[in-house]
J.: 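Here it is, the structure, as structure tokens.
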Amino acid sequence: MSDVSSSSDPTLDVVKKSWGDEESDDEVTSAPDAPEPSDGRDIVQSELKKIESLSISVDKGKDKEDDNDHSEGLLDNPEDSDIKAVTAGDTIYSAAEYFEDLNLTKDLIKGLYVEMRFQRPSKIQAISLPMILIPPYKDLVAQAHNGSGKTTCFVLGMLGRVDPKIKSPQAMCICPTRELAIQSQDVLIKMAKYTDITSFLAIPADSAYYVPIAKLPPVTDHVVIGTPGTIKKWTTARKLSTGEIKILVFDEADHMLSEDGFRDDSLRIIKEIQKNSGVRCQVLLFSATFNDNVKTFVSRVVNDANQIFVKKEDLKLEKVKQYKVYCPDEVAKIGVIKDKIFEFGQKVGQTIIFTHTRDSARTLHQTLTKDGYECTAVQGSLKQEDRDTIIKEFKNGVTKVLITTDLLARGFDQSQVNLVINFDLPVKHYFPSEPDYEVYLHRIGRAGRFGRKGAAFNLLCTDRDRAIMEKIERHFDLSVSEVVNWRSEEDFEKALQDAGLL
DNA sequence: CCCAGCG
């Protein structure tokens, strides 16, 4: 099979869905033709008519033989499931077989080979980069698997579009957390090593070194990466001009545009740029997840966008073996962490433990360190500089076990993380008996980066926990194996063996 | 709830 828009799976052949459509996987009934409440749905429907199917040739078989033999490439065919691409308008794109197909400068390509150690575009790169880099520079909504290299896509997209000779911001990337902004800039610096392109990191400063923005020089770097509040601060202080920004990226875009995320901030920034920018600004939305509510909203934010997405069943991360462990009470959960996770976790790499609140992250950390278990914890109430050091220590491998909140649920990339623990299951804050499926997927995705093996343990305690876990399994059409006895060394050992980690 | 930010 050499065509991503056609497939042996009949449901994949139909490229009729738009981002505003109902999820049609589960239900047979189509959206009614009767007048809808005026939520913009009708606009979406009419835009839908313009969308036409696209054939992108991606030779999957060839990718496999070529890439898997080389040990260096980090992007070696991390996902095998199909990606569906839908183009808007009549531009014909073909997948980039080589980076040379993308009209990039020599300096930039050198960075890809030498610094990034890339050989050929990964699947998501091959499909998305032509859409980003070839005129008319259409907007793009791109969903791709965790650990498949979304960051490299949009970073390369930004670098490919800026003119190093113009000394003002031409590309902007907005991230939900300080940690992600730093991480993306790290990638950018590496990739741009042989170019003259510079970047500016717009995140809150260390409180100790606070200098009022008014006293700082204006930003002249080509690319700005940051968090919403700080970017807003720089623009309103007139130290960051948006007039020449021609590409705007939202990392973890569904969260940036969801009602309980950063919706207002994001929209304000888009508006600000569109108001000031001389040329039309290209908007890119990247995430591993776009739930139906967000899809509806997203299709109104972008304009006539190209789309790349995968079916939700294909997102469930088969490389990360997921388990549930029934624990009689909270004390037992801590016991599992102490006796099993610390016991085995260290052998198989690094571990991230997720809790529901900042406070529970802090208390769990205190409890464990008091008893001599070596770990660190990071959450949003820490001082900025403390966050940075704890993250740095973990990325350097100095610490093996990191306790955190959903601060790190999304995007955090550390290849040595093979074990994810849901100390608390992720739930919707406004409806705590409902799982937060997106957050679940993102958390699990912290293990198994770039096709590596991994395991995840969900610690369940109450009846509610059981019900939530069942819903998660049903939603992803997943059967999560049970670690039968929470006290049993052998059960955990067996689980890790089955996951391919021991 | 989690982020983000208020100088």
Side-chain angles (χ1 to χ4, degrees), chain A residues 172-184 201-216 224-237 239-240 250-270 272 287-289 291 294 352-364 377-388 390-391 402-412 420 422-446 462 464-465 468:
Chain A
M172 183 182 284
C173 173
I174 307 174
C175 312
T177 64
R178 165 193 191 81
E179 283 70 19
L180 276 191
I182 294 171
Q183 193 174 274
S184 294
L201 188 62
I203 58 172
D206 287 3
S207 47
Y209 302 101
Y210 178 72
V211 183
I213 287 187
K215 296 190 175 171
L216 295 169
V224 176
I225 299 178
T227 45
T230 305
I231 287 178
K232 219 165 58 190
K233 219 163 91 173
W234 279 86
T235 52
T236 51
K239 296 287 184 168
L240 170 56
F250 286 94
D251 191 9
E252 307 298 342
D254 60 327
H255 189 231
M256 302 303 289
L257 293 171
S258 77
E259 217 165 350
D260 58 343
F262 295 89
R263 184 135 112 184
D264 293 348
D265 287 340
S266 298
L267 293 179
R268 202 166 305 147
I269 293 170
I270 293 179
E272 164 84 11
S287 182
T289 52
N291 73 31
V294 177
I352 297 181
I353 302 173
F354 286 103
T355 63
H356 190 48
T357 64
R358 299 169 168 192
D359 210 49
S360 48
R362 199 177 42 81
T363 11
L364 180 59
V378 65
Q379 33 84 4
S381 70
L382 295 185
K383 281 187 295 188
Q384 312 288 6
E385 47 269 46
D386 292 340
R387 285 167 67 159
D388 292 348
I390 290 166
I391 295 290
L402 179 61
I403 302 162
T404 188
T405 60
D406 285 328
L407 166 66
L408 292 189
R410 288 168 171 268
F412 182 69
V420 166
N422 281 329
F423 191 81
D424 303 309
L425 290 173
V427 293
K428 295 197 167 86
H429 74 95
Y430 52 88
F431 196 19
S433 61
E434 271 294 298
D436 190 324
Y437 301 108
E438 285 71 40
V439 171
Y440 180 82
L441 198 80
H442 283 282
R443 284 184 182 182
I444 301 301
R446 293 320 98 212
T462 60
R464 206 191 66 178
D465 288 344
I468 291 168

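Below, read A as the first sequence line, B as the second, and so on, with proteins coming before strands; counting in each chain starts at 1. Predicted model, so just to flag it, every value in this text is computed and none were measured.
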J.: State whether Asp388(A) and Arg178(A) are salt-bridged, where the test is any N-O pair (Lys NZ or Arg NE/NH1/NH2 against Asp/Glu carboxylate O) under 4.0 Å.
T.: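 A salt bridge links Asp388(A) with Arg178(A).
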J.: What are the two closest non-hydrogen atoms of Asp251(A) and Pro176(A), and how far apart are they?
T.: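 Answer, listing the atom of Asp251(A) first, then Pro176(A): O-CD, 3.7 Å.
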J.: Please report the closest heavy-atom contact between Phe412(A) and Leu180(A), naming both atoms and the distance.
T.: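 Answer, listing the atom of Phe412(A) first, then Leu180(A): N-CD2, 3.8 Å.
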J.: In chain order, what residues pass the side-chain hydrogen bond (donor to acceptor under 3.5 Å, both in side chains) check against Asn422(A), with sequence neighbours excluded?
T.: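 Asn422(A) satisfies side-chain hydrogen bond (donor to acceptor under 3.5 Å, both in side chains) with Arg443(A), Asn458(A) only.
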J.: Taking atom types as modelled, find out whether His442(A) and Thr289(A) have a side-chain donor-acceptor pair closer than 3.5 angstrom.
T.: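 His442(A) vs Thr289(A): donor-acceptor pair found between side chains.
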J.: Protein within reach of the bases, or only the backbone? For nucleotides 1-7 of chain B, mark each nucleotide 5' to 3' as B, S or -, using heavy atoms under 4.0 Å.
T.: BSBSSSB
